[in-house]
Amino acid sequence: MDKNFDLIVIGAGPGGYVCAIRAAQLGLKTACVELRKTLGGTCLNVGCIPSKSLLNSSEAYHKAQKEFSNLGIEANDIKLNLSKMMNNKNKSVLTLTKGIEFLFKKNKIIHLKGIGSVSSKNTVTVTDNSGKKNSYKAKNIVISTGSIPTSLPGIKIDEKIIVSSTGALAFEKIPKKLIVIGGGYIGLELSSVWKRLGSDVIVVEFLDHIIPGMDKDISSEFLKILSKQGINFKLNSKVTSVSVVKDKAVVDFTNNKSAKRERIECDKVLVAVGRKSNISEDISKLGVKLDNQKKIQVNKKFETSIKNIYAIGDVIDRGPMLAHKAEDEGIAVAEIIVGQAGHVNYDVIPAVIYTSPEVATIGKTEEQLKKENIKYKVGKFPFLANSRAKVNNETEGFVKVIVDEKTDKVLGASMISTVAGTMIAELAIAMEFGASAEDIARTCHAHPTHSEAVKEAAMAVDKRPIHF
Ligand SMILES: Cc1cc2nc3c(=O)[nH]c(=O)nc-3n(C[C@H](O)[C@H](O)[C@H](O)COP(=O)(O)OP(=O)(O)OC[C@H]3O[C@@H](n4cnc5c(N)ncnc54)[C@H](O)[C@@H]3O)c2cc1C
């Protein structure tokens with residue numbers, strides 16, 4: 001095999017594999033190194049895809065048990081087969097990871113199997129399973145080694161009793177009691193899965209609200225909804241220790257305000273306190289600059305401090321740790337390498353929580369605008385007044401649109417709805433095109449759809465919603 005490439009990408013997650021495909025489309029001789037057996041990174045193997053499979057299956061189980069009879073569907077004797085549910089999840093993951101193998105072949109991308117390290121500015125060394133090293137030359141290198149779960153000081157994840165999201169996606173038995181440390185989106189999605197499947201779930205969160213950084217209206221409404229679903233929350237609580245005693249865990253935490261201490265015994269603890277960038281030793285040795293959170297510093301062109309070495313995705317110092325952000329960066333960097341004007345608009349990156357109902361946000365929150373001293377107006381519309389949501393018995397949640405007070409330009413939006421993750425795309429397009437609330441309000445939306453609530457929220461900015 002010719003060992004000279006125009007581009008070698010290290011890591012085949014959504015950042016890396018998408019970058020490799022776009023680079024190959026643009027005519028670059030491209031290789032992609034991946035240490036996992038399967039392609040697709042965190043997202044396909046232990047992230048977005050398996051979590052969404054379990055969210056979907058557990059929601060179907062919950063509905064069959066609790067909601068079908070209201071619709072006149074009498075399905076008696078509903079039983080859960082967890083291993084079949086897990087097999088279905090594994091099958092989806094396999095199909096999608098194989099799909100990327102196919103796309104690599106189709107685009108003539110060389111898949112290098114093993115651990116990639118940057119041994120010099122133009123050399124990538126790949127160490128395979130047996131320890132054998134091979135070196136390859138590259139005009140350009142893209143680092144897309146992603147991220148890994150973090151823990152709290154003194155808490156050791158064993159993936160048996162104290163687990164990360166990876167362990168919580170593969171429990172063999174339904175834990176009777178599950179404690180989730182961290183009320184961010186990964187913790188809450190997995191709390192929903194196991195609650196629906198029968199666990200008693202307690203979420204312990206350090207802050208006084210869930211989903212840090214999200215619009216406060218959304219965060220407090222979401223907390224009410226999840227509490228109504230039976231998830232217990234211990235807010236304002238600092239976990240001080242987690243210990244394993246036989247096959248149980250004991251979690252100690254202290255209330256930040258009252259200093260009251262609590263101890264709860266449980267079957268499993270999910271540590272969902274965030275992820276950190278995955279930086280290998282070679283990167284630091286080579287002198288690639290990192291920020292104070294140990295993320296790779298890049299400029300607008302995704303160049304690191306070493307020319308011809310680029311970085312994208314969860315490993316870099318900008319944007320949220322999300323798969324679609326990594327994908328867009330993958331496309332942009334490939335285009336930049338061939339001299340095109342690749343670009344990512346960090347002001348318009350949607351974020352979705354795939355619980356039921358879903359939560360979706362984009363752009364600025366009210367809290368951010370206040371801090372930035374930007375005058376704004378808000379339009380809100382509840383799903384209680386949306387006909388499609390009503391007939392589907394999905395009336396929880398609302399749409400909130402935030403616009404510039406003077407220009408009416410949309411600055412941000414957030415929503416809670418069963419289909420929020422799909423609906424947020426309309427706001428993304430609107431914001432990319434610099435639309436005003438009036439533009440959305442005067443766009444014809446199909447009836448009856450949940451999307452009509454977006455139109456009505458846009459009309460509510462000007463205090464003229466029709467159905468509320
Ligand atoms: C439970 C969970 C649910 C999630 N759900 C969502 C969701 O619904 N939507 C969303 O947008 N995001 C979601 N995410 C986040 C998403 O998975 C990440 O943002 C995304 O995968 C980042 O892509 P990446 O390409 O930067 O890195 P990764 O996907 O982490 O890929 C990096 C790859 O590099 C490989 N690698 C690392 N070092 C080397 C090396 N030296 N040599 C060779 N290979 C190497 C790794 O094995 C890995 O395959 C979720 C994450 C988790 C954990």
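Atoms within each ligand, like the ligands themselves, are counted from 1 in listed order. Below, each value reflects all heavy atoms present in this structure, side chains not excepted, and no hydrogens, waters or symmetry copies.
- Within the cation-pi definition used here (under 6.0 Å to the ring centroid, within 45° of the axis), Lys29 qualifies as a partner of Phe5.
- In this structure, the side chain to side chain contact (heavy atoms under 4.5 Å, CB included) partners of Val352, at least two apart in sequence or on a different chain, are Tyr354, Ala360, Ile424.
- With sequence neighbours excluded, the residues forming a side chain to side chain contact (heavy atoms under 4.5 Å, CB included) with Ser135 are Thr123, Thr125, listed by chain and number.
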Tabulation required: pairs of a nitrogen or oxygen in ligand 1 and a protein nitrogen or oxygen under 3.5 Å; columns are atom names and distance to 0.1 Å; otherwise 'none'.
from, atom 1, to, atom 2, distance (Å)
ligand 1, 5 (N), Lys52, NZ, 3.3
ligand 1, 8 (O), Lys52, NZ, 2.6
ligand 1, 11 (O), Ala323, N, 2.8
ligand 1, 11 (O), His324, ND1, 3.2
ligand 1, 12 (N), Ala323, N, 3.4
ligand 1, 14 (N), Tyr185, OH, 3.1
ligand 1, 19 (O), Asp314, OD1, 3.0
ligand 1, 19 (O), Asp314, OD2, 3.2
ligand 1, 19 (O), Met321, O, 3.3
ligand 1, 19 (O), Leu322, N, 3.3
ligand 1, 19 (O), Ala323, N, 3.4
ligand 1, 21 (O), Cys43, N, 3.3
ligand 1, 25 (O), Pro14, N, 3.3
ligand 1, 25 (O), Gly15, N, 2.9
ligand 1, 26 (O), Asp314, N, 2.9
ligand 1, 29 (O), Thr42, N, 2.9
ligand 1, 30 (O), Thr42, OG1, 2.6
ligand 1, 41 (N), Gly116, O, 2.9
ligand 1, 42 (N), Gly116, N, 2.8
ligand 1, 44 (N), Leu35, N, 3.2
ligand 1, 47 (O), Glu34, OE2, 2.7
ligand 1, 49 (O), Glu34, OE1, 2.8
ligand 1, 49 (O), Glu34, OE2, 3.0
ligand 1, 49 (O), Arg36, NH1, 2.9

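- For Thr240 and Asp252, the side-chain atoms include no donor-acceptor pair closer than 3.5 Å.
- Donor-acceptor pairing under 3.5 Å is recorded for the side chains of Asp314 and Ser147.
- Residues in residues 90-104 take part in no side chain to side chain donor-acceptor pair (under 3.5 Å) pair, two or more places apart or across chains.
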